[in-house]
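What you see is a predicted model, and the numbers here were worked out from it, not measured in a lab. Numbering of ligands and ligand atoms starts at 1, following listing order.
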Amino acid sequence: MSNPLRDARDRRLNRIAGPGALVFFGITGDLARKKLMPAVYDLASRGLLPPNFAIVGFGRRDWSAEDFAAQAREWILASSRTPFNETVFTQLASGMRFISGAFDDDAAYEQLSATLDELAETRSTGRNHAFYLSIPPSWFDVVCEKLSEHKLANDANPGWERVVIEKPFGHDLASARELNAIVESVFPPDSVFRIDHYLGKETVQNLLALRFGNQMFEPLWNNKYVDHVQITMAEDIGIGGRASYYDGVGAARDVIQNHLLQLLALTAMEEPISFNADHLRSEKEKVLAAVQLPEDLGAASARGQYTSGWQGGEEVVGFLDEEGFNPKSKTETYAAVRLNINTRRWSGVPFYLRAGKRLGRRVTEIAVVFKKAPNLLFTDHKDDEFGQNAFVIRVQPDEGATIRFSSKVPGTQMEIRDVTMDFGYGNAFTESSPEAYERLILDVLLGEPPLFPRHEEVEQSWRILDPFEEYWAALPTQPEPYAPGSWGPASSDELMAKDGRTWRRP
Ligand code: BG6
């Protein structure tokens, strides 16, 4: 049924995937259960997948196709965005198959090959295959090589083959290069889709719309008017249950190397000639390549580890007591860095990036903080933040944007105060945003790569992060403790204070 509240100007054409099969390696993992399978169901329930679409799970469990479908039903019921519809699910489940085996098991790949043949016959997939590697990166090379040996990554096939890889794309620049070389030796670069799920978020794409679809922001978007930029990714959750992934990785590798540097690139890049993948990605690459590392890495960074304490009325354990962690682990759960961008537009404007677990609340935002007017007539306010305009893009939650500016307080005297003007997605549009994975999986199936970082971007991001990681690794001390529910370690506030600035309290 159509939405009676839908804006009459909303004439979007639905983008619908063509026939194909999506093969999930690591189907029983957390990501596949909580995000990927529900996202595929949501696409199906929105009518964006063809009726004969096929899904193949590949994993160690000894499951039949029916067992797989029964599990998928539970995952979808628990986490899909759209209401469960039996007809949609039955249709989707009729195209589900399961291959039981280890990632290096030749017999399992033979079975996969036979299953894809069968699906080409029975579900007219056209031999279009997307291989989604939701597996530890140490297996990427094995799976790619096996797919190649079993002629499943073969340009000579009549359909298309694409490979989707999840972060982490390596552990540092050297390992990222190795990984890229392996993957791209099997799949041509334009068939490799690297997922950074932040790029699938509606508000992140809206950054492009705000910057390049309007006239009023861009003239101010430079070092003449901008004082600094703060990019924050705060989470209230801890690491519980993810020790095997997180220990030795830490906040900077986990999210700054990818999500936050992508946000920086979209905020700071020049206008692309078009939104075509090559144009967009080259602009991001250019600005990442212009990121200049501070000389004093210690003064330009901070890191912390959350302690035990109370958060949201609950007692929570400290990072070092979380199950599976080495009690002497030096892995950080909070990281902040200051970066400069060496371009005519941004020279002299610091970009501060921070990310942490168990912080005050879950919020991701980009705050562009402007310089004060050169001559402030309102003398009462000379020393505080008054008059420091800010444009804040709230990535999540409460997706939207806010502008802070000064206004007269009603009354008979000239009293001035800062106020905010708010745009909220929830108020402006009648439809909720799709989950990032819906958008990204659909793009993979349609073969549209603009939202997937190219390997040069990944390598540039490691070039930026590696020196900080090396600096931190050489420190004899543990990261600084901070209380759960706080806004990170004191050294992070000092990093800003040294520059005469403060972090926003989102
Ligand atoms: C992932 C990180 O990439 O993003 C996690 O590995 C983090 O540590 C997650 O919790 C956050 O994603 P979102 O979409 O909830 O902001």
#### Entry: Pairing residues for Arg162 by the side-chain hydrogen bond (donor to acceptor under 3.5 Å, both in side chains) criterion, not counting sequence neighbours
none

### Task
Check side-chain contact (heavy atoms from CB on, under 4.5 Å) between Lys167 and all other residues, then give those that pass, not counting sequence neighbours.
Phe169, Tyr245, Asp254, Asn258, His259

Atom pairs, nitrogen or oxygen, ligand 1 to protein, under 3.5 angstrom:
from	atom 1	to	atom 2	distance (Å)
ligand 1	3 (O)	Lys167	NZ	3.0
ligand 1	3 (O)	His259	NE2	2.7
ligand 1	6 (O)	Lys167	NZ	3.0
ligand 1	6 (O)	Arg242	NH2	3.1
ligand 1	6 (O)	Asp254	OD1	2.6
ligand 1	6 (O)	Asp254	OD2	3.4
ligand 1	8 (O)	Arg242	NH1	2.7
ligand 1	8 (O)	Asp254	OD2	2.6
ligand 1	8 (O)	Lys357	NZ	2.7
ligand 1	10 (O)	Glu235	OE1	3.4
ligand 1	10 (O)	Glu235	OE2	2.5
ligand 1	10 (O)	Lys357	NZ	3.1
ligand 1	12 (O)	His197	NE2	3.2
ligand 1	14 (O)	His197	NE2	2.8
ligand 1	14 (O)	Lys201	NZ	2.6
ligand 1	15 (O)	Arg362	NH2	3.2
ligand 1	16 (O)	Tyr198	OH	2.5
ligand 1	16 (O)	Gln396	NE2	2.7

### Task
For Arg358 and Asp236, indicate whether the former's side chain and the latter's backbone hold a donor-acceptor pair under 3.5 Å.
yes

### Query
Would you say the side chain of Ile403 lies within less than 4.5 Å of the side chain of Phe423, judging by non-hydrogen atoms?
no

### Message
Using salt bridge (charged side-chain N to carboxylate O under 4.0 Å, His left out), reason through Arg81 and Glu435 one step at a time and then give a plain yes or no.
### Response
CA-CA 8 Å; Arg81 188 172 64 89; Glu435 274 282 322; over 6 Å; no

### Partners meeting salt bridge (charged side-chain N to carboxylate O under 4.0 Å, His left out) with Glu469 (sequence neighbours left out)
Arg253

